[in-house]
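Note: hydrogens, waters and symmetry copies are ignored here, and every other heavy atom, side chains too, is used. Each chain gets a letter, A, B and so on, in the order its sequence line appears, and its residues count up from 1.
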There are 2 protein chains.
Amino acid sequence: MHTEQGMERKQQLLDAAAVLFSSKGYATTRIADICAAAGVAKGLFYWYFPTKEGLFAELVRTMRTQLRRAQAAAMDPGAPPLTRIRQGTEASVIFMAEHRSYFSFLDVERTDEALAGVLREGSDVYSDDVIKLVAEAQHAGQLPDGDPRMYATGVMGSVSSFSHALRNGRLDVPVYELAAFVGDWVERALRSDN
Amino acid sequence: MHTEQGMERKQQLLDAAAVLFSSKGYATTRIADICAAAGVAKGLFYWYFPTKEGLFAELVRTMRTQLRRAQAAAMDPGAPPLTRIRQGTEASVIFMAEHRSYFSFLDVERTDEALAGVLREGSDVYSDDVIKLVAEAQHAGQLPDGDPRMYATGVMGSVSSFSHALRNGRLDVPVYELAAFVGDWVERALRSDN
DNA sequence: GATGGGCTTGACCGGCTGGTCAAGACAGTG
DNA sequence: CACTGTCTTGACCAGCCGGTCAAGCCCATC
């Protein structure tokens, strides 16, 4: 087993890895980098972790249990379900924000800096379009005021989330049905004149 | 330049790459794999593309312009902004569904099969929880009926999209403000009793 | 001061893979 | 037939990186 000092060292490695993963991505982060960042020799890595993947798994599992704890703590058992969903939602957003570096290595964009550019180069244009549409809708009184970028984020996020769920099989509905559902979903989320 | 035959060959390589990227992920797909799938020698790859990245970029740009075309075609210039947003949204979902294999290589999960397991192992449990809450809310008449998995997807997708936007700087608002916004967003999208 | 378990080092290895290259094949053209 | 530009091949290279290992350190305990 590990002594107290051992646990600290291990944590140092975990921390260093989290920072590097989030800035350079998992694949591009070399074990040597992690060790250098933690100020130890490379061989030591394998004293604490079986493989690079092993460390990754540990990192992910740790964060997941913490996130679930945060969610559970935020949800009032006595409240109606919709309220609980809302509480869980807010708690998740806050938790993820407070642990950005841990969650950002799930972002595709960080996995390979080389691809990041290509991927990003178009999304900004698209984003601007949606922002403009939102602003226009606000001007027309169809949407409540507020930062258009927020609404635009919601719209684009919905599209990609639902599409993603369809792709990986978590959702299994006819395409046109899904499209209509997402259309409704977005429109409800946007509308002010309820 | 390329002869007609050359263009075909190039397209074969692009197609093969798209399929492989979507099933194995960009990083794990070897150039040799792409060539084998297309039935040509490895050296030929570099006759048509400068680097692996070059092919990737071409693939991404092609899909992006096609997606934008589909969006533009779906949006009625005369319609009010909210309607146009909805039209663009639905068109995007449909387009992405029709080109799953092209879009799925943006999914983190495919980038490295080794990590996929670790990443997935918890999300199912979490997903089940949200589904249960949604079902409960429907039972209580707080939500319209319909597949709870759809609503759950929307909730979880919102959390991750907004958090993602905050992480990469596309959004820059105080955390608690964002959390409240996402809470509102989700609640509006869910509610039936408008 | 000896024993032993936890800890630390850094040189080293093996395999993999993106990319190169010299050598052709196969048109079409004059 | 010679010539030229497109296309095709597969052996080869170079460098990188995860993982191993033999050796040694530190320190509590006996």
Side-chain angles (χ1 to χ4, degrees), chain A residues 1-60 105 110-118, chain B residues 1-60 105 110-118:
Chain A
M1 238 4 265
H2 292 143
T3 66
E4 189 162 347
Q5 184 202 144
M7 299 299 275
E8 266 175 48
R9 194 38 57 95
K10 186 173 182 179
Q11 194 57 49
Q12 283 171 23
L13 285 167
L14 282 168
D15 290 343
V19 172
L20 288 170
F21 285 170
S22 71
S23 70
K24 307 177 50 177
Y26 174 83
T28 30
T29 298
R30 311 297 150 205
I31 291 189
D33 298 339
I34 300 175
C35 293
V40 299
K42 188 173 155 196
L44 191 58
F45 182 93
Y46 294 92
W47 179 259
Y48 294 103
F49 305 97
T51 61
K52 191 185 181 186
E53 243 180 68
L55 175 145
F56 180 80
E58 189 153 338
L59 218 42
V60 171
F105 56 69
R110 316 262 167 152
T111 52
D112 194 341
E113 183 50 43
L115 310 183
V118 188
Chain B
M1 233 7 259
H2 292 142
T3 66
E4 191 163 346
Q5 184 201 146
M7 299 300 275
E8 266 176 45
R9 195 35 59 92
K10 186 173 181 179
Q11 194 57 49
Q12 283 171 24
L13 285 167
L14 281 168
D15 290 342
V19 172
L20 287 170
F21 285 170
S22 72
S23 70
K24 307 176 52 180
Y26 175 82
T28 30
T29 298
R30 310 297 147 205
I31 290 189
D33 297 340
I34 300 175
C35 294
V40 301
K42 189 175 155 194
L44 192 56
F45 183 93
Y46 294 94
W47 178 260
Y48 294 104
F49 304 97
T51 62
K52 189 185 181 187
E53 242 179 68
L55 175 146
F56 179 81
E58 190 154 337
L59 218 43
V60 171
F105 56 67
R110 317 261 168 156
T111 51
D112 194 341
E113 183 51 43
L115 310 183
V118 188

Would you compute the distance between atom [atom1] of [X] and atom [atom2] of [Y] and round it to the nearest 0.5 angstrom?
{"X": "Tyr48(A)", "Y": "Gln11(A)", "atom1": "OH", "atom2": "CD", "value": "12.0 Å"}
{"X": "Leu13(B)", "Y": "Phe49(B)", "atom1": "CG", "atom2": "CZ", "value": "5.5 Å"}
{"X": "Ile31(B)", "Y": "Leu44(B)", "atom1": "CD1", "atom2": "CG", "value": "12.0 Å"}
{"X": "Leu20(B)", "Y": "Ser22(B)", "atom1": "CG", "atom2": "OG", "value": "7.5 Å"}
{"X": "His2(A)", "Y": "Glu8(A)", "atom1": "NE2", "atom2": "CD", "value": "13.0 Å"}

Rounded distance in Å - [atom1] ([X]) to [atom2] ([N]):
{"X": "Tyr46(A)", "N": "dT20(D)", "atom1": "OH", "atom2": "P", "result": "7 Å"}
{"X": "Lys52(A)", "N": "dG18(D)", "atom1": "NZ", "atom2": "C1'", "result": "8 Å"}
{"X": "Glu8(B)", "N": "dT8(D)", "atom1": "CD", "atom2": "C1'", "result": "16 Å"}
{"X": "Phe49(B)", "N": "dG18(C)", "atom1": "CZ", "atom2": "C1'", "result": "15 Å"}

Per-nucleotide protein contact along nucleotides 2-9 of chain C, 5' to 3', at a 4.0 Å heavy-atom cut-off (B base, S sugar-phosphate only, - neither), is ----SBBB

Quick one, Ile34(A) and Phe21(A) - any side-chain contact, counting heavy atoms below 4.5 Å?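 Counting from C-beta outward, Ile34(A) and Phe21(A) do come under 4.5 Å.
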
Next on the checklist: Taking only side-chain N and O atoms of Arg30(B), does any of them lie within less than 4.0 angstrom of OP1 or OP2 on dC16(C)?
Outcome noted: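 Arg30(B) to dC16(C) OP1/OP2: no side-chain N or O under 4.0 Å.
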
